[in-house]
Amino acid sequence: MRPSFHPRLINQAFDDPGLFIPFLFQKRALIFDLGDINSLPAKDILKIGHAFVTHTHMDHFIGFDHLLRLLLGREKTLSIFGPPGFLKNVEGKLAGYSWNLADKYNYPLVLQITEVQPDFTICRSYRCRDRFEPRQEAVRHPFDGVLYNEPAFTVSAVFLDHKIPCLGLSVKERFHVNIIKEGLKQLDLVPGPWLSEFKQALYNRIDPAAKIEVDTPGQRGKIQFALGNLAGQIARITAGQKITYITDVVYSDANRHKIVEFARDSDHLFIEAPFLEKDRLIANQKHHLTARQAGELAARAGAKQFDIFHFSPRYTDQESMLYEEALEAYNDFT
Ligand SMILES: [Zn+2]
Ligand SMILES: [Zn+2]
């Protein structure tokens with residue numbers, strides 16, 4: 001199976017946290033957290049359409065400026081989601097610059113900011129053409145755990161405790177469409193952009209009798225198939241991919257329970273591990289996890305694969321101890 005999402009941590013484990021999630025064969029990506037993103041190439045940053053911020057401690061939000069600077073002057077709507085107080089946080093950042101020339105750009109950037117509260121979200125638009133002053137009313141929606149929804153996938157959030165609210169984040173594909181190479185061969189078809197349209201049609205639950213056009217090389221040109229018929233010959237549907245990102249959380253009963261439920265059966269769990277278990281009192285005071293706790297949570301959630309990050313600088317040159325401790329706990333609890 002070729003996964004649809006290809007998540008990677010943006011920085012080394014001692015640097016700012018953040019997860020970059022590009023989509024297979026598409027020029028688009030999600031990003032979880034906006035810490036220092038200087039190490040991301042501009043071509044990757046330009047793929048970002050939706051950003052999700054766990055909380056606004058500096059190491060998770062200082063990259064907002066960098067992102068904004070690169071996208072300024074482009075025809076784009078950037079959606080950013082964040083915890084309680086997020087509209088004020090973003091407005092504070094925007095108020096830090098002069099925008100007297102912003103209405104002159106040919107291509108207007110629009111920021112669509114969503115603040116997440118435990119039971120509702122508040123969404124507000126900030127347009128470059130309006131010098132980022134919020135001209136439209138904020139819109140309120142109920143919040144039931146799903147932050148963002150498309151036919152192919154959803155992004156969910158859970159409220160966790162880090163002395164302030166901190167969002168756990170997860171992206172889940174609704175189902176996965178595997179293309180059967182043998183099936184393509186039998187129909188004499190070659191992969192191309194039509195495959196993305198074909199998959200999208202399946203996600204959109206389009207009528208199986210609907211016709212889909214397939215580009216073929218050479219003389220045959222475009223061929224029409226009934227969607228259901230084609231799917232029966234070239235596609236196999238399996239469970240969707242799930243990626244979960246947990247950072248900046250205290251090891252409390254409530255958090256533990258919520259994290260295990262939220263991350264349940266993740267294909268890949270990214271979980272913070274700033275401290276060693278021998279320093280768990282410090283970890284607790286700072287409202288963070290130890291590597292042992294991270295490994296235990298990954299195992300209890302049944303994560304198939306997990307990665308740790310957000311290491312405290314006190315362990316410089318001892319990072320192998322953090323990895324070993326987390327892996328040992330994962331094996332102990334699996
Ligand atoms: Zn942090
Ligand atoms: Zn923090």
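Atoms within a ligand are numbered from 1 in the order they appear, just like the ligands themselves.
R2 places a side-chain heavy atom less than 4.5 Å from the side chain of L24.
The Zn ion (ligand 1) is the vertex of the angle joining NE2 of H60 and OD2 of D59, which measures 90° to the nearest 10°.
Looking only at distances, a side-chain donor or acceptor of D33 sits under 3.5 Å from a matching main-chain atom of T54.
At least one N/O/S atom of H162, whether from backbone or side chain, sits less than 2.8 Å from the Zn ion (ligand 2). Taking backbone and side-chain atoms together, H310 has an N/O/S atom less than 2.8 Å away from the Zn ion (ligand 1). Taking 2.8 Å as the criterion, D16 does not count as a coordinating residue of the Zn ion (ligand 1), since none of its N, O or S atoms falls below it.
Checked for salt-bridge contact, R292 and D332 meet the test: a charged N lies under 4.0 Å from a carboxylate O. The existence of a salt bridge linking K258 and E261 is excluded, since no basic side-chain nitrogen approaches an acidic carboxylate oxygen closer than 4.0 Å. Under 4.0 Å is where a charged nitrogen must lie from a carboxylate oxygen, and between D267 and K242 no such pair does.
In D248, the N, O or S atom that comes nearest to the Zn ion (ligand 1) is OD2. Minimum-distance N/O/S atom of H57 relative to the Zn ion (ligand 2): ND1.
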